[in-house]
Amino acid sequence: MTARSIDDVLAAHTDSLMALPGVVGTAVGLCDGQRCIKVLLADSNPDTKRRIPSRLEGYPVAVEVTGTLRLANPTAITAGD
């Protein structure tokens with residue numbers, strides 16, 4: 001059996017991660033030169049950090065405090081783009 005790609009693992013877990021209070025995004029990034037899953041947080045709440053796993057299906061998970069994310073130019077996005 002082949003392990004899932006990091007993109008597939010992220011897609012499978014994003015909804016549950018985003019359901020955690022304080023999580024504002026997820027992404028694939030680099031951690032020490034290797035691909036990892038990043039969980040983006042609004043603040044450094046220790047309770048939220050404790051709920052984030054250190055690995056998902058074998059891939060390392062890194063927590064990054066970004067603050068609240070907002071679109072830079074929300075009017076630039078239109079239906080059908």
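Predicted, not measured: the structure shown is a model, and the values here were computed from it.
- The shortest heavy-atom contact between L30 and R35 is CD2-N, 3.9 Å.
- Annotation: the span from I37 atom CD1 to E57 atom CD amounts to 8.0 Å, rounded to 0.5 Å.
- For the atom pair CG (L20) and CZ (R51), the distance works out to 5.0 Å, reported to the nearest 0.5 Å.
- In this view, V63 and L41, K49, I52 satisfy the side-chain contact (heavy atoms from CB on, under 4.5 Å) rule, not counting sequence neighbours.
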- Message: Show, in sequence, the C-alpha distance, side-chain angles and deciding distance for V23 and L40, and conclude whether the side-chain contact (heavy atoms from CB on, under 4.5 Å) test is met.
- Response: CA-CA 6 Å; V23 175; L40 312 177; over 6 Å; no
- Just do the side-chain contact (heavy atoms from CB on, under 4.5 Å) check on D47 and R50 with the steps written out, would you? CA-CA 5 Å; D47 292 328; R50 274 193 290 275; 2.3 Å; yes
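- Residues that satisfy the side-chain contact (heavy atoms from CB on, under 4.5 Å) test with A42, not counting sequence neighbours, are V24, T68.
- To the nearest 0.5 angstrom, D43 atom CG is 9.5 Å from T66 atom OG1.
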- Task: Given side-chain contact (heavy atoms from CB on, under 4.5 Å), test V61 with S54 step by step and report yes or no.
- Result: CA-CA 5 Å; V61 176; S54 62; 5.8 Å; no
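- Atom CE of M18 is separated from atom NE2 of H13 by 15.5 Å, given to the nearest 0.5 angstrom.
- For the side-chain hydrogen bond (donor to acceptor under 3.5 Å, both in side chains) condition, the pairs that include at least one residue of residues 14-32, sequence neighbours left out, are T14-T26.
- When all heavy atoms are compared, the tightest approach of P60 to C36 is O-CB, 3.3 Å.
- Between the Y59 side chain and the I6 main chain, a donor and an acceptor come within less than 3.5 Å of each other.
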